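To start, the structure under review is shown below, and the notes come after it.
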Amino acid sequence: MKNFISVHDVNNINQLVQSALAYKASPLKDQALGQHKRIGCLFLNPSMRTRLSTQIAAQQLGMEAIVFNVGAEGWALEFEEEAIMSGNTVEHVKDAAPVFGKYFDVLAIRTFPSLKNKEDDYSELYIKQFIKYAGIPVLSLESSTLHPLQSLTDIMTITESLQANPLPGGKKPKIVLTWAPHIKPLPQCVANSFAQWVNAWGEADFVITHPEDYELSEEFTKGATITLNQDEALKDADFIYVKNWSTFTDYGRVYSNDPDWMLTREKLQVTNNAKVMHCLPVRRNVELSDEILDSPSSLVTQEAGNRVWAAQAVLAELLRNK
Ligand code: CP
């Protein structure tokens with residue numbers, strides 16, 4: 001693995017999941033791997049879980065982690081090639097990224113989409129420019145369209161849950177990704193990425209449900225069953241992944257805030273005692289009800305905890321292949 005930007009950087013998802021589970025069982029087993037190595041974690045946007053779990057993962061591999069809030073504390077970066085920099089941007093990524101490449105052994109970056117221009121966001125210019133100019137492995141901490149560390153964690157969490165409570169006859173789990181209401185337009189990253197990883201994993205009966213006009217890009221959903229009927233989708237579900245996203249086709253809009261799409265305990269009655277997942281942060285009683293989040297059906301805290309081990313497995317791969 002040279003960089004970690006999407007599922008396409010992974011040779012074998014199950015092997016990476018097993019590596020994450022092995023780190024969970026024995027966090028310090030590879031402390032020598034990252035000795036005298038440094039990771040730079042650049043944040044152009046806010047984060048809690050990704051920021052902390054990546055630092056912990058790096059430290060457990062013996063690395064030093066330095067966090068830099070580029071968005072709030074650094075010079076405003078320019079990403080366009082041949083830009084005439086007479087506006088607000090102060091430093092070109094072409095100049096900044098090679099400097100990061102001198103300071104660090106691995107560069108980790110969080111950027112969000114603008115949600116204003118679909119072509120720009122889906123070109124993934126920011127992260128691609130860092131890869132082009134940094135000269136060291138680049139790890140996505142969430143980009144304009146994808147959140148691969150979250151998705152690896154999600155498959156790890158599903159695998160772990162199935163190991164603890166296997167389905168009868170080794171049946172494939174039914175996994176449902178359901179849209180949920182939200183007060184703000186949110187990126188499609190987590191939903192795109194979850195769909196991309198579950199499809200690539202191939203070990204689930206995968207259904208996506210959302211209101212009309214909330215179709216995600218087929219680039220990520222191809223292979224899933226897609227329905228506008230949430231009740232139908234939830235039937236016999238083993239895992240339900242709850243997430244809001246803004247519209248993709250008419251880009252970045254909120255067409256619906258229909259509270260009927262919030263997942264409630266009542267809706268779980270038609271499922272196979274489904275476990276409920278969410279990447280967090282979650283808007284309680286908007287996206288997901290208290291009664292689910294505070295019940296044994298919820299995997300959200302286990303899922304967030306697993307972010308450490310997923311990050312550790314990926315960082316270890318990047319260090320081994322450096
Ligand atoms: N799930 C997730 O990425 O959380 P943060 O935004 O807090 O990092």
Side-chain angles (χ1 to χ4, degrees), residues 4-7 17 20 24 39-59 65-73 106-115 121 124 126-127 138-158 160-161 175 177-180 182-198 216 220 239-246 263 275-284 286-288 292-293 298-315:
F4 184 74
I5 305 305
S6 82
V7 77
V17 165
K24 186 168 184 174
I39 180 172
C41 301
L42 310 188
F43 286 85
L44 283 90
N45 302 95
S47 162
M48 189 265 259
R49 278 145 290 270
T50 308
R51 165 189 295 247
L52 297 176
S53 61
T54 307
Q55 286 179 83
I56 295 166
Q59 285 164 5
I66 294 181
V67 174
F68 181 34
N69 297 311
V70 191
E73 297 162 352
V106 177
L107 198 58
I109 298 149
R110 168 170 281 202
T111 65
F112 279 170
S114 66
L115 290 182
D121 288 346
E124 290 284 13
Y126 289 10
I127 206 136
V138 172
L139 164 63
S140 168
L141 300 175
E142 188 169 355
S143 64
S144 298
T145 65
L146 294 170
H147 196 350
L149 276 178
Q150 181 66 53
S151 308
L152 171 60
T153 305
D154 297 332
I155 293 192
M156 174 195 177
T157 307
I158 291 168
E160 194 176 36
S161 178
I175 300 177
L177 167 62
T178 181
W179 182 90
H182 201 283
I183 58 157
K184 285 169 58 180
L186 295 191
Q188 294 102 33
C189 309
V190 171
N192 283 345
S193 196
F194 186 73
Q196 185 189 48
W197 279 71
V198 174
L216 294 163
F220 307 114
F239 296 90
I240 306 171
Y241 201 94
V242 180
K243 187 72 187 86
N244 170 269
W245 60 88
S246 58
L263 195 70
K275 295 291 186 193
V276 178
M277 304 174 71
H278 188 288
C279 62
L280 301 180
V282 63
R283 296 262 181 167
R284 279 178 174 253
V286 175
E287 294 176 83
L288 251 171
I292 292 184
L293 282 164
S298 170
L299 291 182
V300 300
T301 308
Q302 179 182 341
E303 190 182 352
N306 282 343
R307 291 290 306 270
V308 170
W309 320 111
Q312 199 165 339
V314 169
L315 267 177

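Not measured: the values here are computed from a predicted model. Counting starts at 1 for both ligands and their atoms, following the listed order. We're numbering straight along the sequence, starting at 1.
- Counting all heavy atoms, side chain and backbone alike, Ser53 lies closest to Arg307 at OG-CB, 3.6 Å.
- The number of heavy-atom neighbours closer than 6.0 Å to OH of Tyr126, taken from other residues, nucleotides and ligands shown, is 12 or below.
- No hydrogens or angles considered: nothing links the side chains of Thr145 and Gln188 as a donor-acceptor pair under 3.5 Å.
- Between Trp197 and Asp154, the closest side-chain pair of non-hydrogen atoms is not below 4.5 Å.
- Side-chain contact check for Val286 versus Asn244: every heavy-atom pair is 4.5 Å or farther apart.
- Ligand 1 lies under 4.0 Å from heavy atoms of Ser47, Met48, Arg49, Thr50, Arg110, His147, Gln150, Cys279, Leu280, Arg307.
- Side-chain atoms of Ser246 do not come within 3.5 Å of backbone N or O of Pro185 as any donor-acceptor pair.
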